[in-house]
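Values in this document were obtained by computation on a predicted structure and should not be read as measured data. Letters A, B, ... mirror the listed sequences (proteins, then strands); counts begin at 1. Below, each value reflects all heavy atoms present in this structure, side chains not excepted, and no hydrogens, waters or symmetry copies.
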Number of protein chains: 2
Amino acid sequence: MIGAGIKRGTAELAVLSILEEGPLHGYEMARRIEEQTKGALRFTLAALYPMLYRMEQRRWIRGSWETSDNGRRRRCYRLTPAGRKKLSPLRQEWSELFQALRRLKKVAHA
Amino acid sequence: MIGAGIKRGTAELAVLSILEEGPLHGYEMARRIEEQTKGALRFTLAALYPMLYRMEQRRWIRGSWETSDNGRRRRCYRLTPAGRKKLSPLRQEWSELFQALRRLKKVAHA
DNA sequence: TCTCATATATAAGAATCTTATATGTAAGGG
DNA sequence: CCCTTACATATAAGATTCTTATATATGAGA
């Protein structure tokens with residue numbers, strides 16, 4: 001798995017990206033991020049929950065308590081318009097970072 | 001320029017990459033990183049000097065005081081064999097991060 | 001002399017990650 | 001019936017690495 005040192009800031013992009021596909025609760029977000037990145041990117045729930053809280057404060061996502069079929073309470077988050085608007089500049093920024101690092105001598109064969 | 005949030009961990013790779021080209025002192029490293037990334041990646045010296053110190057503690061780089069032609073004292077760093085060995089797994093890790101983020105819905109057209 | 005470029009250094013603070021710990025329900029196996 | 005695993009959220013303490021602000025000092029050019 002990718003180490004803690006270099007993955008800072010990825011949670012924000014990961015959460016917004018995952019929520020773009022539809023509303024979701026934290027536990028499932030963590031599972032999907034791990035699944036979709038084939039285990040490369042993995043977040044502990046302890047990292048994810050405070051992040052979700054912060055993103056809600058910034059109005060990028062909005063959470064609501066729901067009760068699932070199996071009777072469990074969970075907090076379902078969905079992207080706000082502001083969150084959706086944040087996505088493309090954020091992706092752009094990551095894209096620029098990749099390019100920048102590639103210029104500092106090839107970052108592998110990526 | 002790329003924001004502080006997402007560039008964590010890049011300094012390490014940047015320094016090792018720059019030193020791969022030859023020994024260098026901190027001030028010039030900062031200048032070259034900015035130049036080579038066309039201004040996208042920029043480190044303040046206040047971020048760079050402690051980083052160089054930490055990397056020296058880890059034996060990835062080795063510094064020596066030199067006096068330049070113009071009579072200024074400066075600390076010249078060079079890659080150690082250990083530092084050189086660190087470069088390829090580190091690049092690999094970044095490469096995997098890029099791939100992982102790309103899988104979470106395209107990170108722009110990168 | 002004043003300012004800019006060179007050159008290094010430290011301090012205080014912010015943000016985001018880590019591991020450890022806590023709580024509670026539901027389902028399945030022995 | 002009990003134990004373990006999966007589900008689901010939450011907080012605390014600590015590490016790391018970035019930020020801005022500040023300090024020091026020399027050399028060159030206007």
Measure [atom1]/[X] against [atom2]/[N] and give the value in whole Å, please.
X: His25(B); N: dT6(C); atom1: NE2; atom2: C1'; answer: 8 Å
X: Glu93(A); N: dC18(D); atom1: CD; atom2: C1'; answer: 14 Å
X: Leu24(A); N: dA8(D); atom1: CG; atom2: C1'; answer: 13 Å
X: Arg73(A); N: dA8(D); atom1: CZ; atom2: P; answer: 12 Å
X: Leu45(A); N: dT18(C); atom1: CG; atom2: P; answer: 11 Å
X: Tyr53(A); N: dT16(C); atom1: OH; atom2: C1'; answer: 16 Å
X: Trp65(A); N: dA8(D); atom1: CH2; atom2: C1'; answer: 8 Å
X: Met29(A); N: dC7(D); atom1: CE; atom2: P; answer: 16 Å

Quick one: does Arg8(B) reach the base of dT16(C) with a side-chain donor-acceptor pair under 3.5 Å?
no
Checking side-chain contact (heavy atoms from CB on, under 4.5 Å) against Tyr77(A), which of Ile18(A), Ile61(A), Leu24(A), Val15(A) comes through?
Ile61(A)
So what does Ala11(B) touch, heavy atoms closer than 4.0 Å: a base, only the sugar-phosphate, or nothing?
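Sugar-phosphate contact only - Ala11(B) comes under 4.0 Å of backbone atoms but never of a base.
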Of dA7(C), dC7(D), dT20(D), the nucleotide closest to the side chain of Tyr27(B) is dA7(C)
Would you indicate which nucleotide in dC17(C), dT8(C), dT11(D) comes nearest to any side-chain atom of Tyr49(A)?
dT11(D)
Under a plain distance cut-off of 3.5 Å, with no hydrogens placed, do Arg91(B) and Ser17(B) share a side-chain donor-acceptor pair?
yes
Can you find a heavy atom in the side chain of Met29(A) that is under 4.5 Å from one in the side chain of Leu19(A)?
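Met29(A) vs Leu19(A): side chains touch.
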Any side-chain heavy-atom pair of Leu90(B) and Glu12(B) under 4.5 Å
yes
Of Tyr77(B) and Arg31(B), whose closest DNA chain C nucleotide lies nearer the 5' terminus?
Arg31(B)
Any cation-pi pair here, Arg73(B) with Trp65(B), using under 6.0 Å and within 45°?
yes
Do Ser64(B) and Glu66(B) pass the side chain to side chain contact (heavy atoms under 4.5 Å, CB included) test, and can you show the C-alpha distance, the side-chain angles, and the key distance before you say yes or no?
CA-CA 6 Å; Ser64(B) 54; Glu66(B) 289 185 6; 4.0 Å; yes
Heavy-atom donor-acceptor pair, Thr80(A) side chain to Trp60(A) backbone, under 3.5 Å:
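Yes, Thr80(A) side chain to Trp60(A) backbone: donor-acceptor pair under 3.5 Å.
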Using atom types as modelled and distance alone, determine if a side-chain donor or acceptor of Arg8(A) lies under 3.5 Å from a backbone N or O of Arg8(B).
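No, the answer is negative, given that no donor and acceptor are paired below the 3.5 Å cut-off.
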Given dA8(D), is OP1 or OP2 found less than 4.0 Å from the side-chain N or O atoms of Arg74(A)?
yes
So which atom in Gln36(A) and which in Arg103(B) form the shortest heavy-atom distance, rounded to 0.1 Å?
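Minimum heavy-atom separation between Gln36(A) and Arg103(B): O-CD, 3.2 Å.
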Contacts under 3.5 Å, N or O only, protein and nucleotides 27-30 of chain D:
unit_1  : atom_1 : unit_2   : atom_2 : d
dG27(D) : O4'    : Arg72(B) : NH2    : 3.2

Can you sort out which residues in residues 54-63 of chain A have a heavy atom within less than 4.0 Å of DNA chain C? Ascending by number, please.
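Residues of residues 54-63 of chain A that come under 4.0 Å of DNA chain C are, in numerical order, Arg54(A), Arg58(A).
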